[in-house]
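Below: the structure, in structure tokens.
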Amino acid sequence: MPTPLLDLGLSTEATVLLAGTGRSGTTWVGDVINHHNDFRVLFEPFHSRLVRVWQPFHYRQYLRPGTVYPQLEEAVENILSGRVRSPWSDRFNRRILARRRLVKEIRINLMLGWIRERYPDLPIILLVRHPGAVAMSKLQLGWKTILDELLAQPDLVEEHLLPQRSLLESVQNDFGRHIALWCVETLVPLRQLKPGDFHLVFYEHLVTQPKNTVPLLLRYAGIDDQGFDYSKLGHPSAMAQKSSAIKTGRDVLGSWHRNVDVADLEQMHEILCAFGLQNLYDRNYYPASEPGTAAVRPCVGVK
């Protein structure tokens with residue numbers, strides 16, 4: 001049974017939206033945002049296999065800005081306004097009486113442009129982590145990536161994926177498929193969102209420059225950053241695995257690429273180049289932009 005809950009802010013005005021790809025650290029960043037337990041936490045309520053209101057839609061749904069989706073719009077409104085309860089999405093909520101909510105989601109990057117258009121005042125935080133680190137984390141957990149679902153959405157292909165369609169159809173190994181998915185889930189929001197539309201956070205900046213990154217994050221979410229306990233950043237999230245670097249004491253940023261062979265690294269670079277995302281990170285696998293600045297924009301096929 002879900003935890004007893006009284007949500008007093010049943011409107012999108014009381015919501016902060018945190019988005020990112022799977023295994024990018026969204027649960028950890030959500031813990032940073034909710035460090036005082038001021039928010040009701042909705043954990044991945046856009047999971048079409050586990051949350052009833054989203055079951056009619058794609059696992060990774062694309063929404064075209066400027067398009068009306070009557071049935072889907074009602075579901076989005078119910079989720080963002082806190083009218084959804086489920087054992088899955090309430091699993092990490094620890095707030096019984098809430099006036100604000102944090103929606104943490106790893107499957108809506110392809111909807112963020114549409115969401116921004118429909119909810120112009122909604123704080124949207126986009127978390128990005130290096131694709132190699134994301135791919136290796138997914139591989140360690142045995143996650144599979146089904147690119148066919150992306151190609152089955154005509155609007156998504158027409159607007160964003162025509163130049164890369166043959167690549168998405170041909171990449172065979174799991175590492176490459178995870179990299180390709182990361183590219184799609186990163187390309188689309190960076191194309192559709194202008195710098196003022198959202199707050200971009202790099203996982204690597206949080207690890208290496210927390211005192212430059214955390215205050216900007218919290219202020220954007222409407223939280224007083226005074227007195228934040230930076231020691232909490234060293235605590236693993238509820239989704240951290242036993243093999244995670246933060247639990248084993250290994251290098252949080254550098255451990256992943258030591259386990260990737262040269263051929264896979266070359267494949268990763270080729271895929272990133274195909275999507276115009278090769279300059280988002282430098283040769284040391286570190287973000288090319290500083291905390292609080294705009295991301296490097298995709299450099300090919302930008303509309």
Side-chain angles (χ1 to χ4, degrees), residues 7-9 11-21 23-44 80-82 92-106 108-109 112 115-116 119-130 133 189-190 193-240 244-246 252-253 280-281 286-296:
D7 191 331
L8 300 178
S11 74
T12 57
E13 295 177 359
T15 300
V16 172
L17 179 60
L18 169 62
T21 62
R23 307 310 298 167
S24 63
T26 50
T27 303
W28 179 54
V29 174
D31 291 343
V32 172
I33 295 170
N34 194 35
H35 61 282
H36 283 317
N37 193 33
D38 292 330
F39 288 79
R40 172 195 174 189
V41 175
L42 275 80
F43 178 84
E44 300 176 10
L80 294 181
S81 61
F92 295 127
N93 179 60
R94 300 293 179 266
R95 184 81 185 182
I96 295 176
L97 180 64
R99 298 182 183 276
R100 300 191 71 191
R101 73 190 61 84
L102 173 65
V103 176
K104 197 286 295 189
E105 185 54 69
I106 62 171
I108 59 167
N109 281 21
L112 292 179
I115 289 174
R116 166 50 67 228
Y119 301 97
D121 298 322
L122 177 72
I124 297 176
I125 298 163
L126 177 63
L127 177 65
V128 175
R129 186 182 186 185
H130 194 282
L190 289 185
L193 298 173
K194 301 185 296 295
D197 287 339
F198 71 121
H199 183 71
L200 177 68
V201 180
F202 283 98
Y203 174 91
E204 294 81 6
H205 284 157
L206 276 170
V207 172
T208 62
Q209 303 184 55
K211 292 188 178 180
N212 293 331
T213 308
V214 171
L216 297 174
L217 168 66
L218 296 183
R219 290 172 200 162
Y220 179 81
I223 303 166
D224 185 357
D225 64 294
Q226 297 299 313
F228 177 79
D229 183 0
Y230 284 88
S231 68
K232 292 184 177 181
L233 292 175
H235 297 172
S237 74
M239 298 303 289
S244 298
I246 195 170
V252 174
L253 297 186
L280 202 60
Y281 283 83
Y286 195 76
S289 56
E290 290 298 313
T293 61
V296 178

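At most 12 heavy atoms of other shown residues, nucleotides or ligands fall within 6.0 angstrom of atom CD in Glu13.
Note that CD of Glu105 is 10.0 Å distant from CG of Leu80, once rounded to the nearest 0.5 Å. In this structure, the separation between CG on Leu200 and CG on Leu193 is 10.0 Å, given to the nearest 0.5 Å. One distance of note links CZ of Phe92 with CG of Asn34; it measures 13.0 Å at 0.5 Å rounding. Interatomic distance, CG of Leu17 versus CG of Leu112, reported as 6.5 Å (0.5 Å rounding). In this structure, CZ on Arg101 lies 6.5 Å from OG on Ser11, to the nearest 0.5 angstrom. In this structure, CG on Leu233 lies 9.5 Å from OG1 on Thr213, to the nearest 0.5 angstrom.
Contact record, Ala14 with Gly9: CB-O, 3.5 Å, taken as the closest heavy-atom pair. Taking each heavy atom of Gly25 and Leu127 in turn, the nearest pair found is C-CD2, 3.4 Å. Nearest heavy atoms, Pro123 versus Thr15: CD-O, 3.3 Å. Of all heavy-atom pairs between Arg116 and Asp121, the closest is NH1-N, 3.9 Å. Annotation for Leu102 and Phe39: closest pair N-CD2, 3.7 Å, computed over non-hydrogen atoms. Of all non-hydrogen atoms in Pro210 and Thr208, the two that sit nearest each other are CD-C, 3.3 Å.
The side-chain heavy atoms of Trp28 and Val207, taken from C-beta on, include a pair separated by under 4.5 Å. Looking at heavy atoms from C-beta onward, Val103 lies out of side-chain contact with Val16 at the 4.5 angstrom threshold.
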Could you go step by step and tell me if Val201 and Leu126 meet the side chain to side chain contact (heavy atoms under 4.5 Å, CB included) rule?
CA-CA 6 Å; Val201 180; Leu126 177 63; over 6 Å; no

Mind running side chain to side chain contact (heavy atoms under 4.5 Å, CB included) on Ile125 and Leu217 for me, showing each step along the way?
CA-CA 8 Å; Ile125 298 163; Leu217 168 66; 3.7 Å; yes

Quick one: do Phe43 and Asn93 satisfy side chain to side chain contact (heavy atoms under 4.5 Å, CB included)? Show the steps, please.
CA-CA 8 Å; Phe43 178 84; Asn93 179 60; over 6 Å; no

Audit row: Tyr203, Val128, side chain to side chain contact (heavy atoms under 4.5 Å, CB included) steps and yes/no
CA-CA 6 Å; Tyr203 174 91; Val128 175; over 6 Å; no

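Although no hydrogens or angles enter the test, the distance criterion places a donor-acceptor pair under 3.5 Å between the side chain of Arg129 and the main chain of Arg23. Arg40 contributes a side-chain N or O that, together with a main-chain N or O of Gly82, makes up a donor-acceptor pair within less than 3.5 Å. In this structure, the side chain of Arg99 does not engage the main chain of Leu8 through any donor-acceptor pair within 3.5 Å. Judged purely by atom type and a 3.5 angstrom limit, Asp225 has no side-chain atom pairing as donor or acceptor with the backbone of Leu218.
Taking a cutoff of 4.0 Å between a charged side-chain nitrogen and a carboxylate oxygen, Arg100 and Asp38 do not qualify as a salt bridge. Classification of Lys232 and Asp229 as a salt-bridged pair fails, no side-chain N sitting under 4.0 Å from a carboxylate O. Between Glu44 and Lys104 there is a salt bridge, since a side-chain N of the basic residue sits under 4.0 Å from a carboxylate O of the acidic one.
Using the six-membered ring where Trp is involved, Phe228 and His35 have ring planes that are perpendicular, over 60° apart on the 30 and 60° scheme.
When the ring pair (Phe, Tyr, Trp, His ring centres under 6.0 Å) test is applied to His205, the partners found at least two apart in sequence or on another chain are Phe202, Tyr286.
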